[in-house]
Every structure is written in structure tokens, then in C-alpha cells.
Amino acid sequence: MATIFAKMLSFFVVMLLASSKTSSGLTSNPKIRCIEKEKQALLKFKEALIDDGDSLSSWGSENDEKECCKWRGVECNNHTGHVAGLNLSTWSLAGKISPSFLELQHLEYLDLSGNNFGGDYTPIPNHHLGNVSSLQYLSLGGNYNLSGGNLEWLSYFPLLRHLDLSTVDLSEATNWLELVSDNLPLLEYWNLSNCYLPNQVPPTHPLNSSLYLTVVDLSDNQMSSVIPDAFGKMISLVHLNLAYNDFVGRIPKSFANLSRLESLELKWSHVTEQVAVVLDKLSRSEKSLQILNFDSNQLSGTLPDFTRFSSLRELYLGGNKLTGAFPKSFRHVLPNLVVLEFYGNQISGMLPDLTAFPLLTRLDLSNNSLNGTIDKSIGQLSKMEHLDTSLNSFEGIISESHFSNLSSLKYLDLSFNSLVFNISSSWIPPFQLDAIRLKLCTLGPDFPEWLRNQNNFSELDVSGAGISDVVPSWFWDLPPNLVKIDISDNRMKGSVPDLSSAVSLFFINLSSNSFTGQLPRLPSSLTALDLSKNLFSGSISFICAITGPLFWYVDLSSNQLSGELPNCWEPFHALHVISLANNTLSGELPRSFGNFFDLKTLQLSNNNFSGELPESLKNCPRLIIMDLGGNKFTGKIQPWLGTHIPNLMILSVRSNKFYGDVPRDICLLNSLRVLDFSQNDLSGKLPTCFDNFTALVQRDYRVKETADFAYYSTFYLGIVLVQWKGQERGYQRRLRLLKMVDFSSNKFSGEIPQEIASLAEVVSLNLSRNDFTGKIVQNIDRMKMLESLDLSRNRLFGKIPPTLAALNFLSVLDLSNNNLSGKIPTSTQLQSFDASVYSGNAQLCGVPLPNECPGEEQGGKKGIQEEDDQDQFLFTTPAFYISLGVGFACGFWAIFGTILFSSVSRYAWFKFLDEVADWLYVTTAVNFNRLKRRLRG
């Protein structure tokens, strides 16, 4: 009874307030005179503000400005003249919120949102707040530097019905949920989005304010609790936004109470539940629900029948774990559906008939497992603006009929499907696209003429489209709003004209075509440029015209470029990738070439660069890949390579003219995976600190899969040339799997350091064509991943260590032209190599060499005869048969009896047999595959 009385009383208060507002009203009635005390309070409030836009120019003390009820943003009660409303929203005001507004004791409406109050992280004034206890509407959202403190000041506003504190810092409000619940019983609108709210244990009881709440927005707060059950008890709730949090678990069962719910947003959380169960919990909202957003959660199960939600307008289920095909009920008409997003799931089967959704404007089914053809009926969706079916397995023909009525289409993405465009050259599309993404669709071999009628696109990607035509001149008349163009991986021909007038263009990829001529002039604001693998010629002086501070990527590799590098590299501090490889560029690197603090990849290989490396390169501390091979660089290997560039993973200076010894500081590169100093004039002894190359020593070293290396060795597919198994090969996609050390073709001397055996993860070691002496490292078996070992053409002596036979993965070996002696150790591995592997060692003998070791044949026959005599004597004595019988009886009953009478032993025995069987299977399979690999070699 008391509960009913309380609800009736609350209802009476709300109706009274509404009636009061209607009868009194807020106005700027010219007959109402301003109350002097309140005018002075407003002027003090203005003094604390920074008003660069002069928005408060009407606020003053001149004769014509005395009436504060006429001031902009001020509303007065049309009976009493008291200031009742203050609306300064989005006026670009800054400064502090003066406590003088607390003198406006009759204030009901205060909107200061969308400004820049609290420039010095100012808290909301919270003293004497009781003076404005009549406040019903409070909006301070969008003031990013404002702090709300602990929120205890909310207790002074018991009549609040609208509360918006979005983006206000509430990190100190540890009990925010109770403060709102206990102090604001009439609250209808509640927005605390992006407020850094601290986690709280969610209450199970209803909130005091839950009777009238219609809008709740707590999005973007990174809360990591379960979803509070209390939300499901807000029976008047219409809009609930809990997106961009870390909520875990399931949807509370209490959500079944939300019969008026129109929108529910929980994107980017960790809800783990069957999607059908979620819809069942929302069954009472079947008639009202319009927006359902569960993007980027962990919902699972097959697609359910969501057509029962007859008012549904927007459905977002992308980035989950949904499986199966579209249900048959998908054909039922949902006349109001405008958005359908199922991207990033595992949905399979055919694309259904979408004409059941005539108002559909946005369809995103990308990154699934859909297959079959795309039906022409999709062309009847005249309201469609955004169509994305990329990253599926669609196939078949795309014709004009697929687009016949898509006059509203702005975004088209059919990339990464096996679709073939069969469109007439005279076809005029009914749409003007903003984004055209057709990567790996077949548009060629002729250049698609329908693009001529597209005049407003900002993005174009027709890479890998099988176009082998000359690019028509009209194509280069690019739209003024174009920001990205990618026509790479075709066989397009012709020259590229001056593109400097395309001032909005920041991304250009024309790589892997057959473009010729000089490099074109480009927009000054460019951020990424890829012209690699073409036939461009001339100098690269054009680069000096690029002045954009965000220029981060340039790849001009594999062209016919020549001349020296221009000395204008100082502004390019943001560069991450520089690749000029495989050209005929020459001269010394200019002094300005360096100081790239964020540079990750530097590839200058296979040019004619000369001179010493500029010291400015040591100011590239984040370099990961440094490939300078195949040039004419000279000078000594500088210690700063190890001291100033600690993150290097690929270091190649092969085939240059470097001389002198290798500094010990190189061993500071503990992330190194590829070290290639081959084909230079380096000399002296190798450093004895190889065990410092941690990434080559430890398999579990964390640098193995660092994000930087994984990103720059896959996104940027630069080719690094190395000697691999006796041949020069270029590594691209598998670059991050390569671990090798190459000091070949130099003038190194002395013994091979023992520490080199610590490189347990190295797959290729090449020390050939030097002047090394001494013996082969005895504990070389520690290099258990070694596949290729070349020690040829040195002055090594002594026996081949038996430990070499323990290298199970060794498939390439060359020990020729040394002074090795003695017998080649006996093993299946070492005897399987060709005799040339051991040639040029006069005192080496044994299989596979034709010369047998001294005394090997006679001694072998004598040993066999003695063993036969001993075996014959052993098997003819009675003691042998007696021992055999006793041993069999004891052994049989020791094993069989234990198995028979002990269940534990019986389990252990059969488990042992299973493990032996598994071991035999794996060993046989591995050896069989190894044999096949050798036979192919």
C-alpha cells in the first residue's frame, strides 16, 4: 500500500511541475523587467568566461542592455521576471564556471554543453548548491576538461529530470550509481557517457529513479562488470546505450521486462551468449524495438528469426561468432529495416533474396563465408547507399542489372571475391559513388569505361582487377575530393601525368603495372606513395615538392630510376618506410638522409650508391629492417649500428666494399634475425659474443612475434635478398620466419668462435670463402634448427666432429676445400650428401667419398668373423637354454601377473603401449617426409 502511495505521490509531483512550467512558462517578454541581483550574477558569470566569438555581446550594463531577459541565451519567467533558463550550448565558450550562477535561485534550465569550460581541469562548483534546488534540466556534456568530483552535489537537485554529464571526468565518483539512484527520483534522461566511471558492483535492487527513466547512456566508460540487473527493472526505458564498455557474461533475464524498449546498444563488449537466447530475453520488445546493436561481442549460434521484431529498423550483429546460413524466415518482409550488418562472422550459404527489405540503405555482409552468385534482384533496392559483400567466396557474373535501380548508392565494396564484371562500355551507372572498392574482382582486360561517369568518388581501389589496357587520358582528370587511389597489381600501360593539382589526394598506389616515363609531380600533402615494380625512369627530385608533415611511406623500388638522391629529406620526420631498391641510383647518401625517428624499414639494395654511410642514420632508433646490399658503400662497419639502432631484426650489407673488422657493439642487437655481411672486404677475427643475439639463441624470446615486425614484414612486402642453400633468393612474405648468419666471401681469419654454436635457432650459417683456421666447433649439435651449413674454402683442419651427425634438419652441407682429415662420421644424415660436399680435403675418407679409410676393409672383416665365432659358441651351450627358460618365466609372470592383478599397473602398461605406438608413427612419418625431400633435392 505504501509503495502505491509513493508512486501516486511521485506522479502528482511530476504533473504539478509540468503544470507549473506550462502556466508560468519561460520567455523573453519585453514587458518583464530584469531583477538587478540576477543581472549582476550573470555579469559576474560572464567575467569568468573566455568569449573569443563574442557570443555574449548582448550581455552588458549599457542603457539598451540593462534588461537581462533580452540577453541572448537568457530566459525569464513571464510572471515573476526571475531568470529561469540559461542556454549557452555550443557557443565556443571557455574559462571557468563561476559560482555566481548559484545566485539564480529560480533557475530551472541550465545548458552549458559543447563548450570548453574548465581549461585547467576545473571542478563543478559544489558549495551553496541548495540555492538552485529548483533545477530540472542540467547539461554540461562536451566539456572535456571539466571534472565532476565525487557527484555528491547531485543531492541538491532532487527535481532533476534531465542530466547530461557526458565527457565530464567522474573518475572520483566511486559510488555514482547510488548517488543517482538515491537523490534523483524523477530522473528521465541520464547521460554519463565517456566519463571515466569507476567500476562498481552492480546492485540487484531497482534504482529509486527507475520508475521514470526513459533514456540511459553509460557508453564508452570501459566498465568491466557484469551487466547490472537493475537496468531490466527500468520499466519505462526506451533507449539504453551501454556500448564501448567491457561488460562480460550474459544479458540479464530482467531485460524481459522492457516492453517499451526502442534501442539497445551494447557494441564492443564481451557478451557471451547464444544470439537466439538474447532475442528471447527481448521478446516483450518485439513490437517496439527499432535498433539492436551487438557489434563486436562474442555472440554465437546460427542466425535466428529476427523478423518477429516487426518494428526493427537497424540490426548490428557484426564481429561476432555467428554461423550457419540465413534462415528461411529471412524472406519475411520487414518494411522498416534500413540497416543490416553481419560483417566479420562465419555465416555461410547463399545470399538470400533481399527484396523483402525495400527500405534497406546499408548492407554489410563482409568477411564471412558466403558463396554462390549475387542475384540480380539486389539491383531493385533503390534506397541502398552502402553495399559491402567483400571478403567472401562469391563468384559469377556482375552485370548492369545488378545496379539497375541503385540510384542512391554511395559506397560499393565487392573486393576479394571471384566476381567477373560483364558491363557494356556504353553503360551509364545510375549512381555517383563516393567509395569504389573492387579489389581482386575481374574488370579487365579493357579499362572499365563506366568509371568515366563517376565524378565524385573519394576512394578508388581496382587493384588486381586484370586490367591490361592503356589508361585513357580522361581517367587522370581526378575528382577534387579524391583522397585514395589504388590501381596496383594490374598490367596497365602508359604514362602518368602531373597529379599535383589533386590537393586532397594523400594515398597513391600504382605499383606492379607497366607505367613508363618520368615520375609525375605529386600533391604536396601526400602521406603514402607506392610506385614500385613499374618502368619509371629519371630522377626522384619530385620528392622535394612533398611537404606534408604526415608523409610516412614511400616505395619506388624495382623501376629504372637513376641519378643521385636529392638533399631535401629534412622535413620527412614521419617516414616509416623507405624503399628505393632495385634501381640504378648512384652517388653518396646526402647528409639530410637520416634523422627519421620513426623509420622502421630502409631498403636501398641493388643500386650504385657509394661512399660511407652518413652518421645521420644513427638517428633512426626504431629501424627494424636495414637492407643496403648490392651497392658500392665503403668504410668500416660502424659501432653505432649496435649502440643506436637496438631494434634491428634484419641487417644486410652484403655485396659492398666495407672493410676492417666487425665491431663488438654489433652483438648489442639482441633482436637480430638476419645478419648478412657477405661479399665485402671485412677482415680480422669474428667477435666472440654471438650468444648475445638473443633472438637467434632462444626460441621463446619475445621479439619472435613482436607487433612491429609482424606488421612491417607483412604489410610492407619488401624483398630482402640473401644466400639461401647456395642460391640467391628474395624473401618477402616469409621474411619474419628467416633466421640466418652470413659472413661468407670476406677475409676473416682465426678460429671460428665457440660461441657460434649457441645460435640454436639459426637455420642457415655461411662462413665460406674466408681464411678461418682451426677445427670445426665441437658442440655444433646445439644448433639443432640448422638446415644449411657452408664452411667451404677455408683452412679448417682436424676431424669432422661426430656431433655434426645430430643435426636432423640439415639438408645443405658444404665442407669442401679445407684441410679436414680422418673418417667422415657414420650416420644416415652425413652419408646421404653428394661426395662434392667433402671434396678438396685430401686426408678425408669414408662414404660417400670413393677413397676408403686405411685398414677399414680388413679390420671390418676380422671383426665380423670374431663376432660370428662368439655367437656360435654362445648358442651351443646348455646354460644358454636354461637361462632362456628361467628368464622367460620370470619376465612373463612379472609383467603379466602385475597387469592381471593390478588395475593401476594395467592402465599404465596399456598407456605405455599407446605412447610407443604414437612415437613409432610420428618417427616413421617424419623420416619418410625427410626422405622424400632428399629425393626431390
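Just so you know, residue 1 is the first one in the sequence shown, and it goes up from there. Note that the structure is a prediction, hence the values are computed from the model and not measured.
Ile291 places none of its side-chain heavy atoms less than 4.5 Å from the side chain of Val339. For the pair Leu258/Leu264, no side-chain contact is recorded, criterion being any heavy-atom separation below 4.5 Å from C-beta on. With a 4.5 Å cut-off on side-chain heavy atoms, Met223 and Leu218 count as touching. Contact of the Leu575 side chain with the Phe551 side chain is registered, since non-hydrogen atoms from C-beta on lie closer than 4.5 Å. Under the 4.5 Å side-chain criterion, counting only non-hydrogen atoms from C-beta, Phe117 is in contact with Leu112. The shortest distance between side-chain heavy atoms of Leu165 and Trp176 does not fall below 4.5 Å. A heavy-atom distance below 4.5 Å is not found between the side chains of Tyr156 and Leu135. Within the 4.5 Å cutoff, no side-chain heavy atoms of Glu286 are placed close to those of Ser310.
Looking at Asn368, its side chain does come within 3.5 Å of a backbone N or O of Ser366 through a donor-acceptor pair. A distance-only check finds a donor-acceptor pair linking the side chain of Trp153 to the backbone of Gly148 [under 3.5 Å]. Checking side-chain atoms of Glu103 against main-chain N and O of Ala41 turns up no donor-acceptor pair under 3.5 Å. Using a distance-only test at 3.5 Å, with no hydrogens or angles considered, no donor-acceptor pair links the side chain of Ser139 to the main chain of Ser113. Formation of a donor-acceptor pair under 3.5 Å by the Asn345 side chain with backbone atoms of Asn320 is found in this model. Although no hydrogens or angles enter the test, the distance criterion places no donor-acceptor pair under 3.5 Å between the side chain of Asp217 and the main chain of Ser193. With hydrogens and angles disregarded, no donor-acceptor distance shorter than 3.5 Å links the side chain of Ser311 to the backbone of Gln290. Remark: side-chain polar atoms of Asn245 are not paired, donor with acceptor, to backbone N or O of Phe247 under 3.5 angstrom. In this structure a side-chain-to-backbone donor-acceptor pair under 3.5 Å is missing from Glu75 to Ala84. Side-chain atoms of Glu341 do not come within 3.5 Å of backbone N or O of Asp295 as any donor-acceptor pair.
Taken to the nearest 0.5 Å, the CG atom of Asn293 stands 11.0 Å off from the OG atom of Ser219. For the atom pair Glu385 CD and Lys410 NZ, the distance stands at 8.0 Å (nearest 0.5 Å). Note: Asn456 CG to Asp434 CG = 8.0 Å, rounded to the nearest 0.5 Å. Taking CH2 from Trp552 and CG from Leu526, the interatomic distance works out to 11.5 Å, rounded to the nearest 0.5 Å. Here the CG atom belonging to Leu192 is positioned 11.0 Å from the OG1 atom belonging to Thr167, to the nearest 0.5 angstrom. Put simply, SG on Cys69 and NE2 on His82 are 10.5 Å apart, with the number rounded to the nearest 0.5 Å.
Closest of all the heavy-atom pairs between Ser171 and Pro198 is O-CG, 3.8 Å. For the pair Phe294 and Asn297, the tightest heavy-atom approach, listed with the atom from each and the gap, is O-ND2, 3.2 Å. Residues Arg260 and Ser236 share a closest heavy-atom pair of NH1-OG, 3.7 Å. Looking at every heavy atom in both residues, Phe309 comes nearest to Leu282 through CE2-O, 3.5 Å. Nearest heavy-atom pair across Gln105 and Ser134 is O-OG, 3.4 Å. Nearest approach of Ser285 to Leu261, heavy atoms of both residues: OG-CB, 3.6 Å.
With no hydrogens or angles considered, a side-chain donor-acceptor pair links Ser254 and Asp229 at under 3.5 Å.
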Inset, instruction - For Glu265 and Glu314, run side chain to side chain contact (heavy atoms under 4.5 Å, CB included): C-alpha distance rounded to whole Å, both residues' side-chain angles, the deciding distance at 0.1 Å, then the answer. - result: CA-CA 11 Å; Glu265 299 198 41; Glu314 301 176 19; over 6 Å; no
Inset, instruction - Test Phe506 against Leu550 for side chain to side chain contact (heavy atoms under 4.5 Å, CB included), laying out the working first. - result: CA-CA 9 Å; Phe506 69 85; Leu550 301 179; over 6 Å; no
Inset, instruction - Start with the C-alpha gap between Ser225 and Asn199, add the side-chain angles, then the distance that decides, and say whether side chain to side chain donor-acceptor pair (under 3.5 Å) holds. - result: CA-CA 7 Å; Ser225 64; Asn199 277 319; 4.9 Å; no
Inset, instruction - Any chance you could lay out the side chain to side chain contact (heavy atoms under 4.5 Å, CB included) test for His239 and Ser263, step after step, and finish with the verdict? - result: CA-CA 5 Å; His239 302 285; Ser263 70; 2.8 Å; yes
Inset, instruction - Give the C-alpha distance, both sets of side-chain angles, the deciding distance and a yes or no for side chain to side chain contact (heavy atoms under 4.5 Å, CB included) between Glu188 and His162. - result: CA-CA 6 Å; Glu188 299 174 5; His162 182 109; over 6 Å; no
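With respect to Asp598 and Arg622, a salt bridge is recorded, a charged nitrogen being found less than 4.0 Å from a carboxylate O. The pair Lys44-Glu47 does not count as a salt bridge, with every side-chain nitrogen at least 4.0 angstrom from each carboxylate oxygen.
By the neighbour-count criterion of 12 heavy atoms within 6.0 Å, atom NZ of Lys383 is sparsely surrounded, having that number or fewer from other residues, nucleotides or ligands.
Residues passing the ring-ring contact (aromatic ring centres under 6.0 Å, His included) test with His386, sequence neighbours excluded: Tyr411.
Disulfide criterion (SG-SG under 2.5 Å) for Cys68 and Cys76: not met.
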